[in-house]
Structure formats: structure tokens, C-alpha cells
Protein chains: 2
Amino acid sequence: MNYGRELLKGSTDTLLLSLISRQPMYGYQIIKELAARSQGYFKFKEGTLYPALHRMERGGLVKAQWRRLPNGQERRYYSITAKGQKVLETKRAEWQGFATAVNLIMSPRPT
Amino acid sequence: MNYGRELLKGSTDTLLLSLISRQPMYGYQIIKELAARSQGYFKFKEGTLYPALHRMERGGLVKAQWRRLPNGQERRYYSITAKGQKVLETKRAEWQGFATAVNLIMSPRPT
DNA sequence: CCAGAATACCTAGCTATGCTATATATCAAA
DNA sequence: TTTGATATATAGCATAGCTAGGTATTCTGG
């Protein structure tokens, strides 16, 4: 992505599920929303986003539905499933634990 | 590792540099220290640690030195270089930015 | 004294996943 | 009509953590 390089690994799904859990969204919209909500920090690449969505669809975490706009445009909307909700809870907790542990190392209390 | 699975990617070097910057350490000690300081959260595998140390040595971020103990044991002590210090500063900032951005997505302010 | 645990280091190969680059198609604006 | 934005998709690459194996020494309990 261009932050720490690999920092994103492992949190991609959590970020996507977090967004989708608020309301169904389509891919392009997700990219824009992630950028907006993170104040420009996240700039998801298509080669990251779509494979991730497909993975999660295969895994039953999200389900997809094509919708055609009046003008003919096609969009694939993703919504979270019950299973996806559960995974999201788990991953949220994992993130909390991980971030806490990293901060313990990076900002240690006096030995 | 077994947290988020891949969460660690991208923060390994930062964690290692953080530790080593406080004082020179050898590999086995680093594993123990990471576990202790993170209250048991981090359990670095050797297949993660040693390749990472070697990478950073090649990259000039750390330098290594063998030391023989009175009892004959051999340990390879790693210390941080000037270059490693600079990289650490950068990576610390990257982590801050990343964690902040993730939290913005995971705990969004009301739309 | 001996077995097993702990200490201490190393690496080949696997796997997961983010990124690059490319492809396709529609629509609006200059 | 050409450019940029919208919208989705994927093959192939690179990176890096993990598995599982190896070597060698020292400490500890029975």
C-alpha cells in the first residue's frame, strides 16, 4: 500500500467487514469510503480489494448482489452475513490485542 | 503467529529494532523479552526471528557480534546502527499513522 | 549418571496476500 | 472526441511469517 509496506496484511478483512457491516457497499465505493473515513490514509488498490472481497464471499463472510442503475451502470453490492458478523467481532478483538501488545513493546514502561 | 494471522507483517522489524535499540540482545533473548514485555502476547517463532535479523543485518540496520560465555556457550548479540535508528523513527511514525487510520475505520465518528 | 528440558542458532520450502499491470466497459465533460 | 472518473476483474510477482526440520551445548530432576 505504501505505508509500512506490509502493515496492512491481516487487517484488510477487518477493515472491509467494518465498513460493510454499517451498510451494503460496492467495491469502488468501498475504496472511496476507506479513503474518506481515514482522512486519505487508506488508498486501497483494486488488486487488493477485489480479491479480498471474492475471498470473503467464498468464505461466506459477505454476500454479493448485482444492481443495475437507471443509466445502465452495474454495481456489485456486498453485505455482511451472520458469519461475517461473528468473524468481525473476533477480528476486532484481535486487532485490539495486537495493537496493545505492539504499544507495550514500542512504548515500554520503565524496566 | 496466531493472532490475526498476518497482522505481524510489517511490524516485525519495528518491534525488533525497538527492543535492540534499548540494549544489544541475542536472538533467544529477544524472543523471551518480546513475550515478557507484551505479557505473553508475542511468541516469535525462530523461523520469523532469525531471517528477520539476518535481513536487517544485510540492510545495515543492525550489526552482530559473537560472544562466548565463560561456560562456552555462544551467543550472537545484535545492536542497532545509526541507520537502524533512523529507520526505527520512521517505522514508529508509520505505525502511529497506521493504527490511527485503522481506528478511524473501526470506531468511526457518527456519519 | 542419564534423560529430557532448556538454551541457542540456522534454513529450505510452503503459503498467504498485497501490489503491479493490464483488460474491459460506461458515462460525463471539455 | 478524447480525457478522466466510474466500475469490475485477474494473472503474475514479491514479500515475509510459519512449519518443520537440523545441529550443538548446558542445566536439572530422578
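The model shown is predicted, which means the values in this text are computed figures rather than measured ones. Here is how names work: the chains are called A, B, and so on, in the same order as the sequence lines, proteins then strands, and each is numbered from 1.
- In this pair, B:F98 and B:W95 present their aromatic rings tilted. The plane angle is within the 30 to 60° band.
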Practice problem: Any chance you could list the contact pattern along nucleotides 8-14 of chain C? Use B for base contacts, S for sugar-phosphate-only contacts and - for none, protein heavy atoms under 4.0 Å, 5' to 3'. | Solution: BBBB---

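- A close approach under 4.0 Å does occur between a side-chain nitrogen or oxygen of A:R55 and OP1 or OP2 of C:dG18.
- If you take NZ of B:K45 and P of D:dG21, they are 16 Å apart, rounded to a whole angstrom.
- Atom pair A:R68:CZ and D:dA7:P shows a separation of 14 Å (rounding to whole Å applied).
- Rounded to a whole Å, the CG atom of A:L53 is 11 Å from the P atom of D:dT10.
- Distance, A:L49 CG to D:dT6 P: 15 Å, rounded to whole Å.
- Nucleotide D:dG17 holds its P atom 10 Å from the CZ atom of A:F98, rounded to whole Å.
- Residues A:E57 and A:R76 have side chains in contact (heavy-atom distance under 4.5 Å, counting atoms from C-beta outward).
- Whole-Å rounding puts the B:E33 CD to C:dT7 P distance at 13 Å.
- Here C:dG18 presents its C1' atom at 16 Å from NZ of A:K43, a figure rounded to the nearest Å.
- By the 4.5 Å heavy-atom criterion applied to side chains, B:L104 and A:F42 are not counted as neighbours.
- Taking each heavy atom of B:P24 and B:Q29 in turn, the nearest pair found is O-OE1, 4.3 Å.
- Under the 4.5 Å side-chain criterion, counting only non-hydrogen atoms from C-beta, B:E46 is in contact with B:I31.
- Regarding B:L34, its CG atom lies at a distance of 14 Å from the C1' atom of D:dG17, rounded to whole Å.
- Not a single donor-acceptor pair under 3.5 Å links the side chain of A:R75 to the backbone N or O of A:L69.
- Not a single donor-acceptor pair under 3.5 Å links the side chain of B:K91 to the backbone N or O of B:E89.
- Distances shorter than 4.0 Å separate none of the side-chain N or O atoms of A:K32 from OP1 or OP2 on D:dA5.
- Between A:T12 and C:dG18, a side-chain N or O to OP1/OP2 separation shorter than 4.0 Å is present.
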